Amino acid sequence: MMPPGDDSASDVRPSGDPVSQPCADSQYQLLFDCNPIPMWVFDRRTLRFLDVNEAAVRQYGYTRAEFLAMSILDIRPPETAPDVVVDVARRVHGLQEPGSWIHRRKDGTDLDVDIVCHDLIFQGVDALLVAAHDVTARNQAQRAARQAEENYRSIFENAVIGIFQHSADGRVLSVNPALAHLHGYDSPEHLCAEVSNIAAQLFVHPERMAELARAAEHGIVRNAEVELYRRDRSRIWVLVNLRSVRDGEGNPVYEGTAEDITDRKAAEAQVRFLAWHDALTGLPNRALFVDRLETNLAATARSQQKAAVLFLDLDRFKNINDSLGHSVGDQLLQAVAARFRESLRTVDTVARLGGDEFLALLPDIASAADAEQAARRILEAIARPFSIRNHRLACSCSIGIALFPDHGPDGETLIRNADAAMYSAKEMGSSRIRFFTREMSQRASRQFSLENNLRAALDTSQFSLVYQPQRNLATGAVVGMEALLRWQHPTLGPVSPDDFIPVAESSGLILPIGEWVLLTACSLLRQWQREGRPVIPVSVNVSAVQFRHQDFCSLIRSVLRETELSPRLLELELTESVLLSNADVMTSVLEELQNMGVTLAIDDFGTGYSSLSYLRQLRASRLKIDRSFVRDLATDPDDAAITAAIIGMAKSLNMRVLAEGVETEAQVEFLRRHRCDEIQGYYFSRPLPASQLAAFLLAAGIRCADTPVPHPSPDLTSPAFPVP
Ligand code: C2E
Ligand code: MG
Ligand code: MG
């Protein structure tokens, strides 16, 4: 060590341990100069360097001469407070504990140093010997490790997914907040305080944890679905990824992630449920019914017992849907489904096919009588009125029954045959039960072929129209006629409109057929007019499908244009339920028709659920009392009362009222007494082909006229009248 400007050997000795021998001095000097640890000596008072070793020169980039011209403040970053350095330099006595400092090299880069110092007298100057060990790399590594640790901790703490670590015996070793919240605990600490064994306390099926742990020993377990408990014992579904690691002592530790998939599982369950159930009623659907049926038939065959398939169809449900709206209809279906369910045993299956059609499977019955008894229970159950949104609704259904093995060897045949039996029950009236017979299956296949035959019927002129005159009761005058469609099939023979109109409606064929009816009826009248024959207005039945069709008004307009018939000679008959469904569309279409001059009659009145206020808005000219009320006028006091009420109501609305299906003198008498305006029925005339009708009208003294009987317009100021 050379003092500045002096090349003689210097005195580098700790001040507390003076060394006097020159040979010791030179050894210290050697120790100083050759020491791989950067070292220097500086003046405690002036802070100037008094000596530096080679390692310091290498570490800081200054030459020895440059060092000796500097103070220790020059190797500190300028932002360091100098008085701290001064203060530390002054306080040192003996060997100091290592301290950490930041130094700056000549090239401006900083380094972390651990400094050890000792006071000494250097060439008579009160000095400090400093060893500065570069710990930059070590500090950087530590900082990086700390940062990484913080990052991982933050990910762990803030993860939205649950992260856990537990021991093989189910002790919680570590969980993050997300996992604690997943289980309904406030914090990881809260969970750890209350859960001492994961399998016993958190797993719905504790053996599942052992199963997962075993699997984790063979590799990472991915996406295992596990059902767990929350703190309140509600259940959650969790998607778990798990692996096994070893702790410091070589014991297995399980760690992984857990994600709440309860919502997804619920959605999956819902989808599965809907695939097998009817969404509206929650009952099994056709697929589930068929599945159960097939399974059951196999067992029934072995047990020598019987099983019954019941086909249930609500009577006149369409009226309720059309007149009170679909949401009332839906609620009624739900209530009906519940009554069906209640009236059967738990082993029986009730399914909804769609619409108002239901199926029931009664397994293990001894005889047909058992099935009939169950069917009666169902009829009784739904005979009690239903209360839905302030409506008190009466409901009934028709039931067809097919027995296994008597009426079919498999599920599909049994359902088809029960369906045929149900149709047959419907034909007998409402609330009927019928067992399947062989003749029914022939009828069912006939229904099926109807649609195919209908398609050909228009092209091959199988349709014709008959006309049924209508008479004024007071004067006896013929005031109009109703056009009724007839279908004569080459092999099936005559087919009733009641059979083929529903098929035509459901297949859409009613549109071309209805157009043909309108054109034919209007053309006939126009032709008679041209020939100078007697003419009376014609009423044409319009189906709901036609009426709802967007081009209905333009169809009427084009038919009238084509046939050049006066619109006042055309009346459209719409059933009550048609008028009540789509009320908003209805009013504008009716208005357009009335503006054209076409008149309107409400057909089959009494079978729907019309409200009086609604009827007023329709401004129909005529009300036709359904023939089901007229039929038993003389014998059924209820029908008589209803008919009388309808007549009174129509009069209060200034509508003409016509009774349909009048067959007897007694009915005519009753209607006359109650001042019904008009009648139509076999009593007066059956529906006639055009050729016979002309003669009939001539005989009735009808003259050529293109001005029909004036239709009075409804009086909207008249008082309300109770609707039956
Ligand atoms: P609707 O409009 O109520 O027609 C009256 C029905 O009563 C006709 O049956 C008629 O033949 C029958 N009838 C008339 N007088 C008597 C009687 O004194 N006693 C009995 N028991 N019945 C009588 P039809 O011709 O079988 O028609 C049945 C239904 O088919 C009609 O009922 C109508 O809703 C529908 N329909 C008929 N032709 C057409 C058509 O061209 N288009 C549409 N959309 N429907 C039609
Ligand atoms: Mg009619
Ligand atoms: Mg009618």
Side-chain angles (χ1 to χ4, degrees), residues 316 318-319 427 429 450 454 457-458 462-471 480-488 494-522 524 537-549 552 555-556 559 570-579 599-608 620-634 639 643 646 657-668 671 678-690 693:
R316 292 179 303 277
K318 196 172 168 304
N319 283 354
E427 278 170 7
L450 270 189
L454 260 184
L458 252 188
Q462 293 170 20
F463 288 122
S464 64
L465 287 184
V466 290
Y467 299 88
Q468 188 171 34
Q470 299 159 340
R471 174 174 254 173
M481 57 184 184
E482 178 175 3
L484 293 160
L485 185 57
R486 292 291 173 262
W487 178 21
Q488 180 73 29
V495 186
S496 158
D498 287 331
D499 289 339
F500 73 80
I501 296 281
V503 181
E505 285 177 334
S506 63
S507 61
L509 286 167
I510 193 70
L511 294 174
I513 294 174
E515 186 174 339
W516 179 86
V517 172
L518 272 164
L519 258 176
T520 310
C522 292
L524 177 79
V538 67
S539 308
V540 173
N541 290 285
V542 175
S543 126
V545 181
Q546 287 171 275
F547 195 79
R548 287 198 199 112
H549 198 261
F552 186 67
L555 169 72
I556 299 293
V559 166
L570 176 63
E571 182 181 62
L572 300 177
E573 285 193 12
L574 290 154
T575 60
E576 201 184 349
S577 49
V578 172
L579 291 167
T599 54
L600 187 77
I602 300 174
D603 201 3
D604 302 345
F605 188 79
T607 54
S621 314
R622 284 209 290 186
L623 202 69
K624 299 182 75 179
I625 306 174
D626 190 62
R627 61 181 190 275
S628 61
F629 298 111
V630 177
R631 190 178 53 217
D632 300 326
L633 268 188
D639 283 351
T643 305
I646 295 175
V657 57
L658 176 145
E660 293 182 315
V662 178
E663 294 181 355
T664 65
E665 180 64 44
Q667 291 164 336
V668 172
L671 293 165
E678 292 156 6
I679 58 164
Q680 176 182 343
Y682 299 165
Y683 175 76
F684 169 44
S685 168
R686 288 189 172 259
L688 300 170
L693 183 78

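Since the structure is predicted, the reported quantities are computational estimates derived from the model, not experimental observations. First listed ligand is number 1; within each ligand, the first listed atom is number 1.
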For atom 24 (P) of ligand 1, closest protein heavy-atom neighbour: P497 CG, 3.8 Å
Closest contact, heavy atoms only, E663 versus Y682: OE2-CD1, 3.7 Å
Atom 28 (C) of ligand 1: which protein heavy atom is closest, and how many Å away? D498 OD1, 3.4 Å
Side-chain contact test, heavy atoms from C-beta onward, threshold under 4.5 Å: evaluate it for S539 versus E573 and give yes or no. yes
Applying side chain to side chain contact (heavy atoms under 4.5 Å, CB included), can you list everything that pairs with L485, at least two apart in sequence or on another chain? F463, L465, F500, I501, I513, W516, V517
Which segment of R686 sits under 4.0 Å of ligand 1 when only heavy atoms are counted: neither
Approximate separation, where rounding is to 0.5 Å, of I625 CD1 and R622 CZ: 12.0 Å
Under the 3.5 angstrom rule, does the side chain of Q468 hit a backbone N or O of S685 as a donor-acceptor pair? yes
Please report the shortest heavy-atom distance between I556 and L518, naming the atom on each side. CD1-CD1, 3.8 Å
Under 4.0 Å from a heavy atom of G681: which atoms of ligand 1 are those, numbered in the order shown and with their elements? 15 (N), 18 (O)
Where do D499 and L450 come nearest, in terms of heavy atoms and distance? O-CD1, 3.9 Å
Quick one: nearest non-hydrogen protein atom to atom 19 (N) of ligand 1, plus distance? E663 OE2, 2.5 Å
Are the side chains of Y467 and L688 in contact, using a 4.5 Å heavy-atom criterion? no
Run the side chain to side chain contact (heavy atoms under 4.5 Å, CB included) test against S464 and tell me which residues pass, sequence neighbours left out. R486
Under a 4.0 Å heavy-atom limit, does N541 contact ligand 1 with its side chain, its backbone, both, or neither? both
What are the atoms of ligand 1, with element, lying closer than 4.0 Å to any heavy atom of E660? 3 (O)
With heavy atoms and a 4.0 Å threshold, my read on which part of Q468 contacts ligand 1 is side chain
among protein heavy atoms, the one nearest atom 38 (N) of ligand 1 is L485 N, 3.1 Å
Any non-hydrogen side-chain atom of L570 less than 4.5 Å from a side-chain atom of V538? yes
So which heavy atom in the protein is nearest atom 7 (O) of ligand 1, and how far is it from that ligand atom? R627 NH1, 2.8 Å
With the threshold set at under 4.0 angstrom, would you say R631 reaches ligand 1 through any of its heavy atoms? no
Does Q667 use its side chain to pair, donor to acceptor, with the backbone of V630 at less than 3.5 Å? yes
Can you tell me which residue and heavy atom of the protein come closest to atom 18 (O) of ligand 1, and the distance to 0.1 Å? Y682 N, 2.8 Å
If you count the atoms of ligand 1 from 1 in the order shown, which ones are under 4.0 Å from a heavy atom of D603? 1 (P), 2 (O), 3 (O)
Considering both backbone and side-chain atoms of Q680, is one of its nitrogen or oxygen atoms within less than 3.5 Å of a nitrogen or oxygen in ligand 1? no
Note: ligand 1 atoms sitting under 4.0 Å from heavy atoms of I501 are 43 (C), 45 (N), 46 (C)
Under 4.0 Å from ligand 1, counting heavy atoms only, is it the side chain of S543, its backbone, both or neither? both
Under 4.0 Å, counting heavy atoms only: does G514 come that close to any atom of ligand 1? no
Side-chain touch F547/L572, heavy atoms, less than 4.5 angstrom: no
Using a strict cut-off of 4.0 Å, indicate which atoms of ligand 1 neighbour a heavy atom of P687. 11 (O)
V662 and ligand 1 - part of the residue with a heavy-atom distance under 4.0 Å: backbone
Check: W487 and L454 side chains under 4.5 Å, non-hydrogen atoms: yes
Check whether any heavy atom of R486 sits under 4.0 Å from an atom of ligand 1. yes
Heavy atoms only: give me the nearest A544-E505 pair and the separation to one decimal. N-OE2, 4.2 Å
Identify the two heavy atoms, one from Q546 and one from G514, that lie closest to each other, and give their separation to 0.1 Å. NE2-CA, 3.3 Å
Nearest atoms (heavy-atom pairs only) where P469 meets Q680: O-CG, 3.9 Å
List for me each residue that meets side chain to side chain contact (heavy atoms under 4.5 Å, CB included) alongside R627, sequence neighbours excluded, and say none if there are none. D498, E660
Looking at V517, which atoms of ligand 1 are within less than 4.0 Å of one of its heavy atoms? 41 (O)
Close side-chain approach of T664 to L633, heavy-atom, < 4.5 Å: no
Tell me which N, O or S atom of E482 sits nearest to the Mg ion (ligand 2). OE2
Residue and atom, protein N/O/S, under 2.8 Å of the Mg ion (ligand 3): D603 OD1, D604 OD1, E660 OE1, E660 OE2
Which residue owns the protein heavy atom closest to atom 31 (C) of ligand 1, what's the atom, and how far is it? L484 CD2, 4.4 Å
What protein heavy atom sits nearest atom 3 (O) of ligand 1, and how far away is it? D604 OD1, 3.1 Å
